[in-house]
Each structure stands twice: as structure tokens, then as C-alpha cells.
Amino acid sequence: MAQPRHGSDDDWFNQTLKMFGIPRSWSRNAPLTYTDSQLYLLDPSNQRSQRRRRCDLPLTAHGVSPFPLKVQAVNSLKGMQNCTWQRNYIKDVTTNTVRIAMLGSHLQVWFQHTHRAAEWAIPVSWVCYAGMWVVSLVALILWFIWLCIRHALRLLFSNKRLTPELNYLPFSCEDYRYARIASNPMENRKIEDRVRRDRALEQGRTGPYGRIRPRVLIQTQGDRSPIAVRDFPPNVRYLFIAFNFGHFPIGNFERANELVRVANKVTQQLGFNYFWVSISCMEITEQEAPTPEERRMVEESDIYSISDVIRGAERVVVILPDSIEGQCPKLRELVVDNMATNPPNGQSDIMLRLREWGARVWTFPEVLLGPDQPIKVCWKNTSTVHWFELNKRDFPASVWEDSESSTQILQHYTNTNLSRLEFINVALHCLIDRQERGIQWHYPGDLSYVLMGLLRIRPPINRYDSSLQAFARLSLPADNDRLIERFVCLQPSSRHAPWTTMVDQYNASLWSIEPMIQVSGIGENDTIIIEKALGARIELEHFTDISALNVNRWRRFENAIAGLAMFPDVTERMRRHFRRRKFRAVYPRLFSFEGFMGITEIEEKLFGGSTGFLTWSKNGSKLSQHEPGEPVHEPRLALSGDENRIFAGLQPTPLGANGAGVDVEAQIGVVAGQDDNVIPNRDSIEDVDGRIITYPIIGRQPWRECNCAAQSRPRAECICPNLTERKLERISRSPMGEDKIFTIVDTVTMSVTLLTAAWPPQALIACGTEGGMERVLACSYDWTTGIFYRESVLRFPCKVLDHMHRLPKIRLGLKRSLASSDIARRPRP
């Protein structure tokens, strides 16, 4: 007989109690607590509902449960002080019949630990085991008598059990609140709607464009100082003067005079009488704005309507400062050179100052929206104004650093039209590249307001909008192919990545995502209000029985007898046969636990033993991995009509005219670490029979063994390129508010998905389709605000939609933040 496994005295006791579900958690309270002492309503729509302090609470089918959130976790996380939720051990899903049948084995372990069973003779061990077997048999007979009595009572009183619904578990989230800006104005608060409408009427923003002509122009007066005029001909022709406020500061009187005088001379030299320059054309009189609020509104209208002024100009002139700051000559002493100078080289002072001008955000539209003519670049040297002309197509290579992106935008205005999604995506990246150069913004939403100048719809400016709210205010009324809906489905590169990057970690483009939701408004705290979504609740506390078949009594008795068998092989064979029959049909369920385990361990917890039903997801998350399986030989089909043709790029072989050559692109990744030139072709002819080799996609375990020095030296840093257990454990032990490792088990697809989340994901919300897979958001829930926060974006097969529930209007947050002062360690009692 095999020697018993020795361990601490608590091992057998804890295992026996866990088998019967005692205790249910490692500790009664979460290790960390929120410092917020305010009381919140559990149901904001019911003002009489219970109030509680802020903590993590679970979602239920009827709202939020008043009991703390409990999350099952792997044993390695026991005692960790980095969460605000209560951690449970992962309980086995085993029927009471099997637990009673296995009682003898657990009693034997207890008897061996307490009586030094290692020193016993073999006959004594068998006598002990037989005694424990008798105890289990008696307990099992008594249990079956109780089951028969219970069954008879049910038949007598006709107490029929309801069949569970063949859908995922639902959850309730009806928390309707006013949007900050709704797509339909009728849904706004009436007072805000009236104020917004009045402002739009006062600023003349009832049409697509905000302004047709400038409010003020500067008129030249020969050698006299120019004057600002507000009454000018309707068909006036004027120049747009572009400059950099870093070169001509507002408070520097000498630099301002230099700018206006040079602009005046260049305007006359080009044969115009009017020009527009922001430093002089944005002055507001008391008649135009008698109150400070009206003055601010007119000032905002001038700033964010500059793009319309550029569109109406005949030419754009860029003025650079003199290298030597000093007193500017008078107008009659200033002369414009009749001959254009040769464009200076890239390292000259003029080109450096021109690049400084091009690095500003507000100067980017001045090149794009101006007329299709060369832009005149001018600068003063003593009393002479020199100039040269630069074509628009030369700006990306000569002036701008983001030549690739800016070239696409420039070509959009000339000969190559981008789609609406491509245009907004590329334009936003160009503006972000200029934003990161230390430019001081006037309002948080200035980035979107600059982008607004490139588009057709002009919503009213709100100085209190965040950058995301301003962008949504711009996108909601515009026909931009449902940009916000597609943006919600993107998986950012990291948790702290700004929303403006719009980069998907699955390397998908915005236009490759087909949204199935509708954004009906933008809420406070940078939340998005979505409708028409499908959702499902995730069970976090424990696994449950998912069998949808009513197994007959004989099969249940056979499973119980398996627990009494004295030979392990017989026991395992009988129980495997029972599991195969029991789990042929299962209920749709989503389970999750904190940490990671192998497939075999998960099946033991969920099914009671190894079944082979579960597999790792192939492309379910950013941590998922896949590899080719065994090759499959298929007959080659001649459907393209190319079999009798000869191509110059392919060398003829005995197999056929086009049978030679290695399709390197088709077989990359078939054999890891092998040279592309020696890998057998993945989609080429294999032999003289003309068969095609294809490879099935097999999901594999996301982590691999560590092969670096850290495997033998625990304190060494792991430098393996692959994901290892040590890296996953380090992520799981991250501080509160940072990403941790979670595992989701789906019984519809029988797949296991590894993902990262800072808070336990309590719901899956389907939002779109991409690449034949559903984009599903794994969301945590903050019941104090009624916001679902996107923790991770997963990819599930489309059949999961058939088992989800239609959700009402919900608030979705893209990033959940937590300050160090928001949490504290719970004091010990």
C-alpha cells in the first residue's frame, strides 16, 4: 500500500471542511477599505432604499446585493493585502452524495495524521481503511433513505422544480440619469437645453458652419498705419497672416508692431487691401459685448472660427520673426524684396523658426484649409522683407516632423479622399503629436475644438468639457460612421493610455469594427451612455453545477459507489463515465476567479474531475495564445482557372507549371524558431498526389516555463520573452487599482480566457463585431455611481449572443481611477 502523504496538521482538517463548504472564505472582511464615509443609496431610483458606505458589492438579477463582494481566488493569493473585495477559496462542484461517499477517505487521512500511520504494518492499514469504508457506507445508506423520502414528498405535494433558463445569468442596472450632452436635445435637462439653444442663436451657430466672413479685417493705408474695419464689401479679398505666438508674444509691443507692419507691406506687395491677423482682428468693443459673459462668448467665437477665416482667404502668408529683436523700421522705410530668395536649407535659422511655427497645433489648419496656392514665408532683415514660396506638398518633408500622417491629411484636401473614420483618426494623431510639445491649452477640450475646424458640424463651445466630452460633443451630431461606438470597442495598449491614441491592442482599425450598440449621450466623469447592448452576469463567488440533464437515480448511485471503491483506477473510470453522461448538456454560465490555473485543475473544480471539455481561448484576450495543430491533407481544388496557365514569377516543376516555390507568408509560425526558407510550405503542394496542407488553430496555455536564470535563482529578474508563471504572479500581486490576473470560464464555448483587470469583472457587455468575433467588454461595476467600467476587451464567438440579455440604457466608463488616499488598510478587530 502506498505511503500516506504527510503535511501539517491543518491540511487534512482544512481539506475536509472545504469539501463540505466550511468556511466559505479566508477572512470575513476585505483587507482594504475605502476612506469615503458618505452614505449611498443602493438603488438611486428608489429614494427609500437602503444606504451603505462605499464598498464593493455584487450585481444580482434584481440590482445590487447589500452583502460584500466575494471573489474566488487561487491559494497563492491568500493573505494578500491588495484588494477591497473579499477573497474565497475555489470550491469544488461536487454533489452531497459524492461528498458523503468520499467521507471515508478523509477520515482515513485524519486517522493517519493523528496516530503515526507511517509506522503501521500493512494489515493494520487495511483494517483501518475497511473501518472507514464501513462508516462511509452507513452514512451513504442513510443519505439515500433521506433522498427517497424527499422525492416521495415532492411527488405527494406536486412541488415541481422550475427548469433554469438556457441563457446567461441576467443582471439589473437601471440607473437613469441626465446626460451632460444627449444626442437628442429632448433628453437634456430643460434649463440646460434652453441655455444651450440661446447661446447657439446668439453666436449664429444654427447652420453647419459657424461663420461665413470675418468680423474684423485690417485695411492698408499706404505708408500710414493700417486700421481695423468692420464694414467691408461682401466680396472682399483678403490675406490670412499666420504666425507663432511664441515668436510674437502678445505683451511684446515691438514684436507686435513688427508683425503688423510686415503684414501690411506684404499685403500691398501682393495687390490686396485687406488682411486678417489674430493679434489685431480679435478686439471686442463694448457695443459688441457689453457684459463680461457676452465678451467671453464673442472671444470664443473668434478663436474657434479661425478655420472659417482661413477658408475665405485668397492666400496664406507666414511671417517669421527677425533673428535680432529690436525696434522695427517705420512703414515707409520697410521694403519688400521683389525677387524671391532660394528656399534655405534645413539647418538654417529661417527653417528652424519655420519648424517652430509648424509645431504649433493652431498652425496645422492654416496650411490645410488655405487655398491651393504656394504659401508665402516672409521675415524681416533690418529694413528689408525677404520671402520665398513653399508648396503645400513640401510641408510634410520640410516643416513637419510627422511627415507620414500629415501627408495623408494633406492629400485628403488635394487628390486622395480619406474615409470619414480615417480622416478623423489620422487628423487626431497629427494634432496629438503637436500637443505633446509643451503647448499650453486654453480649455481642456481645445484638441477637439481644433479638430472641429476641419469638420463641417460646429457645436457650441463648453469651457467646462473635458477632452473626451468635447470630442463626443463634436462627434454625436456629425455623420462620422458611428465613431464613438467603434471607439468603445477598442482595447487600449495599457490601462493608463490616453483615449486620444485610439490604438487597438488586437491591431484592428476603427473601420474594421461593426458596432451593435448606439451611443445616446455623454455623461459626467467621462462616461458614455449606450443602448441596445447585450450583457451577461459573471459568477465570482463560486462555481455551480451546470449540468442540464436529469441524470437517473441509477447513474447517481453508480457515481456514489465510485467513491467507495478501494482501487483508484476503478474509481476514476467510473466517475469519468458518469461525468461524460452528466455534462453532455450544460447551462450557459460565466464563471471567473482571481489568479490562474491549468485546464486540468479548472475541470476538477467545475466538473469534479478531468473531462477534456474545456480548452484555452485562441484569440479571446490580449494574453491568449494559439498554435497550429496536426496538419490536415486536403485535395487541391481547381476553381480559379490557373492550373493550365504559366506565370513568369513561378518556376515550373515536375508537379505542375505553378507547383514550385515556397509560400513563405503562408507558413510563418508553423514551426517556431525555424528558418523561413526551410519550413515546409503551408499552402503549397505536398507530394505528387497534389494535396494541400492546412493546419487547425489550437489554443494553448498562455504561460510557459521560464528558461532564464530566474528559474534557478528566485531573486533574479525574469527576462523570458514569453509570459511565465512568475510574471503572472507579479501582476496578481500588484497594488490596488492596478491590473491583476483573472480567468473567465464560459460554458457555452467551453473556453477559458485569461485577462487583466484592476477590479473583478462582474459583467460582459457585447458592443460590436470584428473579424467574425464579438467584441465583449469585461466590466466592473461601481454601484455608488451606477457606472460600468471597461476593464478589458475580449473576443468571443458570435454564438454567445444567443444566450445574452438585452440591457437597458447604461453608463459606461472607459477608465476607472483610484488615488492612494481613497483606500486604507482595514484595522484589525
**OP:** Write down the atom of I409, the atom of A427, and the distance for their closest heavy-atom approach.
**Re:** CD1-N, 3.6 Å

Original post:
Under a 4.5 Å cut-off applied to non-hydrogen side-chain atoms, are R463 and R296 in contact?
Top reply: yes

**OP:** For L421 and L483, run side-chain contact (heavy atoms from CB on, under 4.5 Å): C-alpha distance rounded to whole Å, both residues' side-chain angles, the deciding distance at 0.1 Å, then the answer.
**Re:** CA-CA 7 Å; L421 287 175; L483 173 62; 3.6 Å; yes

**OP:** Would you mind reporting whether D481 and R486 have side-chain heavy atoms less than 4.5 Å apart?
**Re:** yes

Original post:
Going by distance alone, is a donor N or O of one side chain under 3.5 Å from an acceptor N or O of the other, for K622 and T756?
Top reply: yes

**OP:** Mark yes or no for whether R355, through its side chain, and S398, through its backbone, hold a donor-acceptor pair below 3.5 Å.
**Re:** yes

Original post:
V793 and C489: which non-hydrogen atoms are nearest, and at how many Å?
Top reply: CG1-O, 3.5 Å

Original post:
Is the side chain of S280 donor-acceptor paired with the backbone N or O of V277 at a distance under 3.5 Å, no angle test?
Top reply: no

Subject >> Donor-acceptor under 3.5 Å (S419 side chain, E422 main chain) >> reply: yes

Original post:
Atom CD1 of I227 and atom CG of L217: how far apart are they, to the nearest 0.5 Å?
Top reply: 11.5 Å

Original post:
Does S467 reach the main-chain N or O of G445 with its side chain, forming a donor-acceptor pair under 3.5 Å?
Top reply: no

Original post:
Looking at V503, L814, L510, which hits side chain to side chain contact (heavy atoms under 4.5 Å, CB included) with L490?
Top reply: L510

Subject >> Heavy-atom side-chain proximity of F243 to I279 below 4.5 angstrom >> reply: yes

Subject >> side-chain contact (heavy atoms from CB on, under 4.5 Å) assessment of S405 paired with W400 >> reply: CA-CA 10 Å; S405 300; W400 296 329; over 6 Å; no

Original post:
So, do K392 and L410 sit near enough that their side-chain heavy atoms are less than 4.5 Å apart?
Top reply: yes

Subject >> Whether H386 and W379 hold their rings parallel, tilted or perpendicular, with breakpoints at 30° and 60° >> reply: tilted

Original post:
Hey, is CD on Q373 packed in by over 12 heavy atoms from elsewhere, all under 6.0 Å?
Top reply: yes

Original post:
Does some side-chain heavy atom of Y413 sit less than 4.5 Å from a side-chain heavy atom of L369?
Top reply: yes

**OP:** Specify the closest pair of heavy atoms between Q219 and V229, including all atoms of both residues, with the distance to one decimal.
**Re:** OE1-CG1, 3.5 Å

Original post:
Tell me, do F364 and V450 make a side-chain contact under 4.5 Å, heavy atoms counted?
Top reply: no

Subject >> Reported CD1-to-OG distance for the pair I522 and S183, which is rounded to 0.5 angstrom >> reply: 9.0 Å

Listed pairs under 3.5 Å, donor-acceptor, residues 268-276 side chains, sequence neighbours left out:
from, atom 1, to, atom 2, distance (Å)
Q268, NE2, G222, O, 2.8
Q269, OE1, K376, NZ, 2.7
W276, NE1, V216, O, 3.4

Original post:
Hey, does the side chain of R180 reach the backbone of T527 with a donor-acceptor pair shorter than 3.5 angstrom?
Top reply: no

Subject >> For the student: nearest non-hydrogen atoms of G620 and S624, plus distance >> reply: N-OG, 3.4 Å

Original post:
Is there any ring pair (Phe, Tyr, Trp, His ring centres under 6.0 Å) pair reaching into residues 475-509, and which pairs are they, with sequence neighbours excluded?
Top reply: F471-W499

Original post:
Any side-chain heavy atom of Q411 within less than 4.5 Å of one from R393?
Top reply: no

Original post:
Just by modelled atom types, is the P321 backbone N or O under 3.5 Å from a matching donor or acceptor in the H247 side chain?
Top reply: no

**OP:** State, to 0.1 Å, how close I306 and I303 come at their nearest heavy-atom pair, and which atoms those are.
**Re:** CG1-O, 3.2 Å

Original post:
Are E366 and R360 close enough for a salt bridge, meaning some N to O gap below 4.0 Å?
Top reply: no

Original post:
Tell me, which pairs form a salt bridge (Lys or Arg N to Asp or Glu O under 4.0 Å) where one or both residues lie in residues 500-523, sequence neighbours left out?
Top reply: D504-R775

Original post:
Counting distance only, does the side-chain N/O of R315 pair as donor-acceptor with the main-chain N or O of P374 below 3.5 Å?
Top reply: yes

Original post:
Are the side chain of R295 and the backbone of I284 linked by a donor-acceptor contact shorter than 3.5 Å?
Top reply: yes

Original post:
Is K815 paired with D526 through a side-chain N to carboxylate O contact shorter than 4.0 Å?
Top reply: no

Subject >> Test item: side-chain donor near acceptor, N425 and H429, under 3.5 Å >> reply: yes

**OP:** Please name the pair of heavy atoms, one in P444 and one in S466, separated by the smallest distance, quoted to 0.1 Å.
**Re:** CB-CA, 4.2 Å

**OP:** Show the numbers, then the answer: is there a side-chain contact (heavy atoms from CB on, under 4.5 Å) between R215 and V298?
**Re:** CA-CA 10 Å; R215 184 174 57 86; V298 175; 4.1 Å; yes

Original post:
Going from CG on D394 to CD on E389, what distance comes out if it is rounded to the nearest 0.5 angstrom?
Top reply: 11.5 Å

Original post:
Would a 4.5 Å heavy-atom cut-off, applied to side chains only, mark E485 and M516 as touching?
Top reply: no

Subject >> Pairing of E258 and R255 as salt bridge, 4.0 angstrom limit >> reply: yes

Subject >> Name of the residue among V367, I375, L354 meeting side chain to side chain contact (heavy atoms under 4.5 Å, CB included) with V399 >> reply: L354

**OP:** State the OG-CG distance between S448 and L428, to the nearest 0.5 angstrom.
**Re:** 7.0 Å

Subject >> Reported CD-to-SG distance for the pair Q408 and C430, which is rounded to 0.5 angstrom >> reply: 8.0 Å

Original post:
Could you give the distance from CG (D446) to CG (D465), rounded to the nearest 0.5 Å?
Top reply: 11.0 Å

